[in-house]
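Structure, as C-alpha cells:
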Amino acid sequence: MAHLTPALRRWPWVLGGVIVVAVMLPAGLSSAQAIPDSTNASALPGLGGAEGMSISAERRLGDRIARSIYQDPDYLDDPLLVDYLQALWQPLLGSARARGDVPPELAERMAWELMISRERTVNAFALPGGYLGVNLGLLAVTERPEEVASVLAHELSHVSQRHIARLMSREERMAPWMMGAMILGALAAGSNPQVASAAIAGSTAVAAQTQLNFSRDMEREADRVGFGVLSGAGFDAQGFVSMFDKLQQASRLNDDGSFPYLRSHPLSGERIADMRARLPQGPVAGASQPTVTNPAPPVAVAPAAGLNLDLPGVRPGVPGTPAAVSRPGPSVAVHTLMSSRARVLAENGPDRMRSWLQVGQGPIAKPGERYAAALSASRLGQRDRALELAQKLRDAVAPDARFVADALMLELLLSPATVPATPAQTALLVELRDRALAGSTRASIMLGAQAAIASGEPQRAVSRLQSWVVLQPRDALAWQTLARAYQAQGQSLRSVRAEAEARVAHLDYAGAVDRFRAAQSLPVAQRSADSMELAIVDSRKRDVETLLRESLREEEDSKR
C-alpha cells in the first residue's frame, strides 16, 4: 500500500465523476427515485427507491470520506474559487428546492458542500452525504459560467435523486467502512488508473468496482433533472450542450487520462441529442447574456459549509443577496479570470508558468492571460513583475470583474518580499485591506483579515472574524486565520481554542480534543487571565469528546 499514498493524495475522492459521482451504479440497477414535484410539469416518474440506506447513514458515510479529503494535500480551500463556485451552486440548489427535487428533509440533512481538488484532470463528482467536488482542471477548460453550472446541476441531480444510495443499498453485505475505503481508492484511481487494483483491494471490493458506474437510465435522469435545475435557476441552458460538446470533442481525441469524467459519465449521441432538443427555440448559442427559461421562484438557501454568496459583481437569483434578477451567478468576465486562476493553481511545473508569463506580458494580452501571467510571476518568485501585471489588469478589466483583480493585487502585496515595500505599495495595501474588511464576501473577509494581521492591526482581523465564525462555525480557514490573529495579540488561550475549532470544522474530532487539552494545559497565568474563554474551552472539549466517542462507536459497529 506504500505506493498508493501518492495517489490517495491526489484525491481520495476522485471517483468523482467517478464516485464521484460518487458511486456509480450498475447498469442493471434501477435508477433513483424522482421526488414528486407538483410545481414542475416535467418532473420525472420515480425509477426506484433507496430504502436500503437512510439519509442519516449516507451522511455519516459521507462525513467519514470528507474527513479524509480534508486531510489530503490536494484539498484546496481557495476563498476566491470557493466563492465563485458558490455563486453558481446556490442558485442551482435553490432551483432544485423550488422544483421539489430536494425536499426539506434532504435539504436539511445532507451536507451540500462543495470541495475543490488541485487536480488538473477534467472532473467533478458527488460523494455520499451530499458532498460534491470539482477539480481545478474542469474550471480551467470551461469558457463560460453556465458550463460549470451544468456540471454542478448534473451532479446535484445524482444526489437529489439518491443515485448514490442505490449502490449502497445494492451492496448491503459490504460494511460502510469497506465501502468508504473502496470509494477513496477508486477516487485515487481516477488520478492514476494503474493503482486501481491496489486501491480496490479485496475480492468483495474488486467485484463492487465493476459497479462504480451509474446506469444509463440514471445518467439520462441526471441530465434531464439537471437541465431543469439549470434553466430553472436562470442559467443559459446552452451551457449543458456546450459542455457536452467539449467532452465529446475530448473523447474523439485519444483521451490520455485527463478526462476521467468521460469514463464515469460516458456520452452518447442520444444524451447529447436529448439536451439539444430541450433547448428553447432561438439563437441562444454564444449569446453574451443567458436566456432565462421560466426561472424558478427564488428560494432562500442557507450558505453551505460556512461559505458566503454575496459576491461583488455577481447577480444572484436567491434572496439574502441583491434582488433576484434574470441572470444568476458571475459574469463571463469573472469566469475568465477564475478559469485562469484555476489553471495556474493546478500547475506545479515552472515551464508552463513561464509560458503564461510570456504571453501575459504581451501588449495585446487579454484579461485572462494577464491574470495568469501575474499569478504565474508570483509563483515563480518574480513579485515586482507580478505586481506590475496585476496593476495593468486592474486598469483594463471589465468593471464587474474589478473585484477579482483587486483581490489578486492584495494577495500579491501580502506575498513574501525580498525588499521593503514602497510607500505606494503600503498605501495600496491599506486601501485594499480596508475595502476588503468592509466587504461581505468570504474571500474579501479572509484577505482583509490576513492583511490586517500583516500590517500590525490584528484586532481588526479579530473583530471581523469573530462575527463571521458565529454565523459560519464550520469555516476552518476562518478559524485558522482567527488563531493567527489571536496569537499576534498574545492571546494564546483563544488562539489554541480557535485551532481546535478549525479541527472540528474538518471533522477531525481527535485532533480537536488534543488542541482543547493543549489549551487547558497552558500556564496558569494565561488561563486565569481569560476565565470566560477557559470555560468555553472546557465546555467545547466535552462536546467534541462526545462526538469523538460517537464517531468511534459508529466505526466499530460498522465493522461488526
Side-chain angles (χ1 to χ4, degrees), residues 8 12-13 19 22-23 50-72 75 104-113 115 126-133 159 162 164-165 167-169 171-184 187 302 304-306 469-480 496-521 534-560:
L8 286 176
W13 53 314
I19 227 186
V23 183
E51 299 83 358
M53 171 168 270
S54 68
I55 296 175
S56 296
E58 183 182 344
R59 174 63 187 274
R60 288 195 298 270
L61 178 58
D63 287 349
R64 193 176 307 166
I65 297 169
R67 187 180 304 122
S68 296
I69 291 174
Y70 290 135
Q71 298 171 1
D72 191 277
Y75 169 72
E105 182 183 20
L106 206 62
E108 178 181 350
R109 300 177 70 180
M110 290 292 199
W112 302 117
E113 179 176 339
M115 296 173 155
L127 291 164
Y131 291 95
L132 293 93
V159 177
R162 302 217 61 205
I164 296 171
L167 176 64
M168 313 301 182
S169 300
E171 294 298 324
E172 289 180 348
R173 65 183 181 279
M174 185 179 295
W177 66 268
M178 184 181 295
M179 180 67 72
M182 183 194 73
I183 289 172
L184 294 177
L187 287 175
V469 295
V470 167
L471 299 174
Q472 312 294 347
R474 278 206 58 200
D475 192 331
L477 180 60
W479 282 112
Q480 291 164 1
V496 178
R497 184 237 163 164
E499 291 174 358
E501 297 292 0
R503 301 287 183 89
V504 175
H506 278 172
L507 310 178
D508 178 12
Y509 302 133
V513 169
D514 285 344
R515 297 314 296 155
F516 283 126
R517 287 173 179 164
Q520 292 175 325
S521 300
L534 183 59
I536 294 174
V537 167
D538 294 340
S539 175
R540 289 291 292 144
K541 175 175 170 287
R542 290 192 295 270
D543 293 342
V544 178
E545 284 176 334
T546 299
L547 293 173
L548 177 60
R549 286 194 297 270
E550 292 175 351
S551 175
L552 294 175
R553 184 169 56 250
E554 288 172 1
E555 290 188 16
E556 288 300 319
D557 290 344
S558 69
K559 293 180 181 180
R560 293 174 184 170

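This is a predicted model, so every value here is computed, not measured.
Residues forming a side-chain hydrogen bond (donor to acceptor under 3.5 Å, both in side chains) with Arg503 (at least two apart in sequence, or on another chain): none. Take Glu108 and apply the side-chain hydrogen bond (donor to acceptor under 3.5 Å, both in side chains) test, not counting sequence neighbours, and it matches no residue. For the side-chain hydrogen bond (donor to acceptor under 3.5 Å, both in side chains) test, residues two or more places apart in sequence or in another chain that qualify with Arg549 are Thr546. Applying the side-chain hydrogen bond (donor to acceptor under 3.5 Å, both in side chains) criterion to Glu545, with sequence neighbours excluded, gives Lys541. Leu477 pairs by the side-chain contact (heavy atoms from CB on, under 4.5 Å) definition with Asp77, Pro79, Arg442, Met446, Asp475, Gln480, Thr481, not counting sequence neighbours.
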All N/O donor-acceptor pairs, side-chain side in residues 504-514, below 3.5 Å, sequence neighbours left out:
residue: Asp508; atom: OD1; partner: Gly511; partner atom: N; Å: 3.0

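Between Arg497 and Ile536 the shortest side-chain heavy-atom distance falls below 4.5 Å.
At least one donor-acceptor pair closer than 3.5 Å links the side chain of Trp479 to the backbone N or O of Pro473.
Taking CD of Glu554 as the reference point, atom CZ of Arg64 lies at 7.0 Å (rounded to 0.5 Å). Note that the CZ atom of Arg59 and the OH atom of Tyr131 stand 4.5 Å from one another [nearest 0.5 Å]. Atom CD of Gln520 is separated from atom CZ of Arg515 by 12.0 Å, given to the nearest 0.5 angstrom. The distance from atom OG of Ser539 to atom CG of Asp543, rounded to the nearest 0.5 Å, is 4.5 Å. Taken from CZ in Phe516 to CG in Asp538, the straight-line distance is 10.0 Å, to the nearest 0.5 Å.
Taking each heavy atom of Gly130 and Val159 in turn, the nearest pair found is CA-CG1, 4.0 Å. Contact between Val469 and Ala478 at its shortest, heavy atoms only, is CG1-CB, 3.8 Å.
Between Arg67 and Asp63 there is no salt bridge, since no side-chain nitrogen of the basic residue lies less than 4.0 Å from a carboxylate oxygen of the acidic one.
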